[in-house]
Amino acid sequence: MQDRTLTRLDRLLAGANNALRTIAAPAGRSARKNPAADVAETDLSEKQKTHAAGLMRVNHAGEVAAQGLYQGHATFARDAQMERQMQQAANEEFDHLAWCEQRLAELNAGPSMLSPIWYGGAFAIGAASGVLGDKWSLGFIAETEKQVCAHLDSHLEHLPDEDSKSRAIVRQMRDEEQEHGDNAIAAGAADLPAPLQRLMQLTAKVMTKTAYRL
Ligand SMILES: [Fe+2]
Ligand SMILES: [Fe+2]
């Protein structure tokens, strides 16, 4: 009984540590090499830089939310294997966060001022679906990653052609988000009801519009 309490406490402490690392930039070093590390910097106009920074700030905000979502799921996961899968995805998402943060600094910009809100809101959603059960957590992940892939595809269309560094990061993120979604489906994700999918799209729209500027 006591072991179980300690385990839950351990999870909560690890979650609090993750929240602080995520919200209080700099996030620190990524575990894996930045995909833009060997890509040459190109000359961008001020207008292009501002636009690229806005898009990368949106992507960074999305990664802050991903941390909240996965941590919320992992905290309430019922199954140890499920918890490990969530944690592994969260680790990859943390690299995404660090890469976006690094690119923002190179573009002389910073992350969204509203990071605590993106994290807190996503954590609450992750925890709520975790409480409902693993198949719903997985359903949320599958739907979120599907929407994120579509969103990153649109960023690949809208980022300046010359901004090869941002593009390298977004491309790798996109491939890995696809994998996270596929893994969630393979692990038994439930199909979310259509109204909920639309609500998630609406929430993402508010977040992307806001984080582009703030
Ligand atoms: Fe990500
Ligand atoms: Fe992902």
Side-chain angles (χ1 to χ4, degrees), residues 15 18-19 21-23 25-37 52 54-75 77 82-104 111-112 114-115 118-119 121-123 125-127 129-130 134 136-156 158-159 165-190 192 197 200-201 203-204 207-208 211-212:
N18 176 274
R21 272 182 84 197
T22 303
I23 294 167
R29 285 172 65 85
S30 57
R32 294 171 299 151
K33 189 176 169 184
N34 186 327
L55 296 178
M56 292 310 280
R57 189 177 305 111
V58 168
N59 293 331
H60 182 273
E63 297 301 335
V64 168
Q67 285 302 312
L69 195 65
Y70 276 105
Q71 290 300 331
H73 289 322
T75 305
M82 187 68 55
E83 189 185 347
R84 271 196 299 278
Q85 187 181 329
M86 303 280 182
Q87 199 54 58
Q88 147 122 27
N91 291 344
E92 290 187 4
E93 305 290 12
F94 197 83
D95 285 348
H96 299 173
L97 182 85
W99 299 339
C100 287
E101 191 179 293
Q102 192 176 342
R103 187 59 189 145
L104 277 169
S112 169
L114 302 175
S115 289
W118 310 136
Y119 188 93
F123 185 91
I125 293 171
S129 58
D134 288 343
W136 294 105
S137 287
L138 291 165
F140 255 95
I141 291 172
E143 180 58 29
T144 303
E145 299 287 15
K146 189 177 99 187
Q147 293 186 16
V148 169
C149 281
H151 158 85
L152 292 175
D153 280 339
S154 90
H155 274 202
L156 285 171
H158 290 114
L159 274 167
K165 275 176 118 39
S166 298
R167 290 178 163 278
I169 294 171
V170 171
R171 261 197 307 273
Q172 176 142 354
M173 278 165 52
R174 197 235 173 264
D175 289 348
E176 293 181 2
E177 312 304 9
Q178 173 94 53
E179 214 175 293
H180 298 158
D182 290 347
N183 289 344
I185 291 168
L192 297 189
Q197 291 180 19
M200 288 167 73
Q201 276 165 348
T203 311
M207 194 177 129
T208 52
Y212 184 87

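Numbers here simply count residues along the sequence, with the first being 1. Worth knowing before you read on, the calculation uses all heavy atoms, side chains too, and leaves out hydrogens, waters and symmetry mates. Both counts, for ligands and for their atoms, begin at 1 and track the order of listing.
A pairwise comparison of heavy atoms in Tyr212 and Gly54 identifies CD1-C, 3.5 Å as the closest pair. Taking both residues in full, the closest heavy atoms of Asn59 and Met173 are given as CB-CE, 4.2 Å, listed atom of the first, atom of the second, then distance.
By the neighbour-count criterion of 12 heavy atoms within 6.0 Å, atom CD of Gln88 is sparsely surrounded, having that number or fewer from other residues, nucleotides or ligands.
Within Glu145, the N, O or S atom at minimum distance from the Fe ion (ligand 2) carries the name OE2.
A salt bridge links Glu143 with Lys146: the distance from a Lys NZ or Arg NE/NH1/NH2 to an Asp or Glu carboxylate oxygen falls below 4.0 Å.
Counting only protein atoms, the N, O or S atoms lying less than 2.8 Å from the Fe ion (ligand 1) are Glu63 OE1, Glu63 OE2, Glu93 OE1, His96 ND1, Glu177 OE2, ordered by chain and residue number.
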Intermediate values then yes/no, side-chain hydrogen bond (donor to acceptor under 3.5 Å, both in side chains), His60 and Glu63: CA-CA 5 Å; His60 182 273; Glu63 297 301 335; over 6 Å; no
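Every residue two or more places apart in sequence or in another chain was checked for a side-chain contact (heavy atoms from CB on, under 4.5 Å) with Ala150, and none qualifies.
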